[in-house]
Amino acid sequence: MARPVKKSNRPCDDPRLDYKDLETLSKYLTPQGQIHARRRTGYCSKCQRELKQAIKRARHMGLLPFVGS
Amino acid sequence: MNLYEGMFLLDNNVVREDWNEAKGTATGILEKHGASVTTARRWAERSLAYTIKKRNRGTFLLVHFEADPGNIAIIRRDLELNETVMRYLILTAEGVPEGESELHEAELSGDFSVPEPPEDHVVDSDEEEAEEGEGATEEAKAEEAKAEEAPAEEAKAEEAPAEEAKAEEAPAAEESATEEAEAPAEEASESSEEQTEEKSSEEA
């Protein structure tokens, strides 16, 4: 039996996740600063990759923590 | 020529002196290598998520510029060497976002003034030196204290080996004496055995 196709929590044709949008990105971080897993975000793999890239860019610029306090 | 988006984290100490100078260092590097800056504006002044180059706060400059893709590597190298730019991020952009050019023009107008960045909890080099100095004196005291204790120990140590040496010599002498004593005895017994064998053969 084929696994049911999981629908993304986020419409994939939305504008790209931006590293400057810290309000949105910080929702997907644990208190320790880890990125939430896909089962938690409910994103499709493409959106999750976009989220990962945006968070990592924000971390590089010192906008988001690598390790939370 | 491609359109790029650049984000630069600028040192607050330079920003405090003159915003336009700080901005000029970043845009100057871009223009030096043939890039044309479309928009450049102060994005935010905020505290950093972690300490970067001993700074806990920084000012972010958002730039949209057109540049030759071949020159990006050279621009990156120059930015790495610059001390005013603490971090940078260069991405390709599809277009200049709406409202960006208006904000850029608003900054160019005479009314615009940059609020002074708040004080950072920067560790001053003088404080560091003072701490190091204190540490050094404490270490020196500790060493002196050790040095005072050490001679007494050394003196004891000097006495102790002499005793040991004597103790070592004495058994060695005893051993050599016993060995010498044993050796002739063995020889004597061996010779006596030989003599007896000889005697027996003669008898046969």
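Computed from a predicted structure; not experimentally measured. Letters go in sequence order (proteins before strands), and every chain restarts at 1. Keep in mind that the numbers below use all heavy atoms, side chains included, and drop hydrogens, waters and symmetry copies.
No other option in A/Lys20, A/Arg57, A/Arg59 has as many heavy-atom pairs under 4.5 Å with chain B as A/Lys20. Each of B/Ala49, B/Ser47, B/Ala44 has some count of heavy-atom pairs under 4.5 Å with chain A, and the biggest count is that of B/Ala49.
Put simply, the side chain of B/Glu45 never gets that close to the backbone of B/Arg57: no donor and acceptor are under 3.5 Å apart.
Heavy atoms closer than 4.5 Å to chain A are found in the side chain of B/Ile52, but not in its backbone. In this structure, the portion of A/Leu64 lying under 4.5 Å from any heavy atom of chain B is its backbone and not its side chain. Only the side chain of B/Glu5 comes within contact range of chain A, judged by heavy atoms closer than 4.5 Å.
Residue-environment remark: CZ (B/Arg46) exceeds the threshold of 12 foreign heavy atoms within 6.0 Å. When the shell of 6.0 Å around NZ of B/Lys53 is examined, it contains more than 12 heavy atoms from other residues, nucleotides or ligands.
A ring-centre distance under 6.0 Å is not found for B/Tyr88 and B/Phe8.
Between A/Tyr43 and A/Tyr28, the ring-plane angle classifies as tilted under the 30° and 60° cut-offs.
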